[in-house]
2 protein chains.
Amino acid sequence: MSELLSPTYTRADEAFDCLQTAIVKGELAPGEKIGELELCSRFDLTRGPLREALGRLESRGLLVRRPHAGVKVVSVSASELMELYRIREVMEGLAARQAAERMTDQEIADLQATLDSHEQMIDEAQGQAYYQAEGDYDFHHRIATGSRNTKLAQMLLGDLYYMVRMYRYRLSTSTGRPKRALGEHRRIVEAIAQRDGELAEFLMKRHINAARQNIEKKIQEGEITI
Amino acid sequence: MSELLSPTYTRADEAFDCLQTAIVKGELAPGEKIGELELCSRFDLTRGPLREALGRLESRGLLVRRPHAGVKVVSVSASELMELYRIREVMEGLAARQAAERMTDQEIADLQATLDSHEQMIDEAQGQAYYQAEGDYDFHHRIATGSRNTKLAQMLLGDLYYMVRMYRYRLSTSTGRPKRALGEHRRIVEAIAQRDGELAEFLMKRHINAARQNIEKKIQEGEITI
DNA sequence: AGCGGTCATATTGTCAACAATATTGGCTAA
DNA sequence: TTAGCCAATATTGTTGACAATATGACCGCT
């Protein structure tokens, strides 16, 4: 974790980042009860900053605390994961619409460039899953910030994406349809480039809906289990 | 603040609630730099729990902290308030749709009953603004929880509503259109009662959009200032 | 007079000891 | 043998003191 990004990076920030990535990467198993002192020794922290970080993480819904009883990583059911995608659908739809209205030409050009590099990675077919997952994350990240809607970006980047990524890591599965997803990305960017917010919203909603159905199918077929 | 609601109500919880309501009610002015020790003496707390609460509040976007520099209540511009309504539009639209699919008949009956009592309060015309504001909050609150979408309800009740209410208090203005809003509420509940999720979503989005336009107009006319 | 640098101060960040409470194991009695 | 209760223990919640840093004033220089 880069201690040098911000000139003043407090221990609490460090604790927050460490715990968040640990939870997302599955190093802290969901449902597992975990003690404060154990966390302290593990991440070389003291309890003060740790507790402050725990408060933040609880507020974001990544873990739950019961007074005097300890803290455990939140465990979300398959149906709850589907609910997350429903939320993403409407919120990212809005983000796409506002991005179409507000992104600069430069940002749109950059976005198209990243799609090109994503395509190249997929064609080279090495480490597909990883690159596709990161590429997908990168794409949605840019749309969210491009919406110029501070709170919207904050909610997407700070809340939803971390929970979704948590499952990406645990399932260690990308969408499983990289080419198709890339095509959908391209059409969304096209709509944004044409400043057609309504179309961008529609396409984004359909894109996320497709991803949700894809995962739902896999769960029902028993390919993946939560 | 009721210390008896939860059997174990920690100081940090107390601090969190106190500060949140103080911010929402405008007792802590936006932009105002405020010291920790001042907050401690004001709410009779010690710095440990206070800092934990500050972390939570920062995570929720109600205040910002700069290391070694202090904490100040977030100040949101008029345009940012409008952005909040855009988010509400899509999220509460989703909530209404899912509520139509999932609320129990009993819950729907209760919802209709609350609308009746709201109507009565408005007709009696005493303390219109207050009751209408509370009634409106109550209505949207029930829809959010009725969606059975945990994360959605959490984001609406825990994040957005507090920020919106913050402005309600500061402007000390309800929507200014109680009768009309009540009629819109009724039509939404009708759609929910008929289990017509699509219609409920449409009506809810239009309802919030109307509220947004109403506030936007008032701001442009200079009736209210932020 | 205006500007830059330095230092004192006050405030925040951090830490370690103390108090309060939930859990767990054992014990007793039915 | 099992159910319920009680106490010991370990963990969390809280507190006050210590260290580090940003702010603001003062002074000297240009």
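Not measured: the values here are computed from a predicted model. Lettering follows sequence order; numbering is per chain, from 1.
Between the side chains of B/Asp136 and B/His185, at least one donor N or O sits under 3.5 Å from an acceptor N or O. Side-chain atoms of A/Glu83 and B/Gln98 form a donor-acceptor pair, as typed in the model, at a separation below 3.5 Å.
Atom CG of A/Asp44 is surrounded by 12 or fewer heavy atoms from other residues, nucleotides or ligands within 6.0 Å. Shown here is B/Arg195, whose CZ atom has more than 12 heavy atoms of other residues, nucleotides or ligands within 6.0 Å.
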Taking N or O atoms only and anything under 3.5 Å, show me the protein contacts with nucleotides 10-14 of chain D, one pair per line.
{"residue": "D/dT12", "atom": "OP1", "partner": "A/Glu36", "partner atom": "N", "Å": "3.0"}
{"residue": "D/dT12", "atom": "OP2", "partner": "A/Glu36", "partner atom": "N", "Å": "3.2"}
{"residue": "D/dT12", "atom": "O3'", "partner": "A/His68", "partner atom": "N", "Å": "3.2"}
{"residue": "D/dG13", "atom": "OP2", "partner": "A/Glu36", "partner atom": "OE2", "Å": "3.3"}
{"residue": "D/dG13", "atom": "OP2", "partner": "A/Arg51", "partner atom": "NH1", "Å": "2.2"}
{"residue": "D/dG13", "atom": "OP2", "partner": "A/Arg51", "partner atom": "NH2", "Å": "3.2"}
{"residue": "D/dG13", "atom": "N7", "partner": "A/Arg47", "partner atom": "NH2", "Å": "2.6"}
{"residue": "D/dG13", "atom": "O6", "partner": "A/Arg47", "partner atom": "NH1", "Å": "3.0"}
{"residue": "D/dT14", "atom": "OP1", "partner": "B/Arg11", "partner atom": "N", "Å": "2.4"}

Check your understanding: A/Glu36 and A/Arg51: salt bridge (Lys or Arg N to Asp or Glu O under 4.0 Å), yes or no, with the steps?
Key -> CA-CA 8 Å; A/Glu36 291 187 3; A/Arg51 286 180 61 81; 2.9 Å; yes

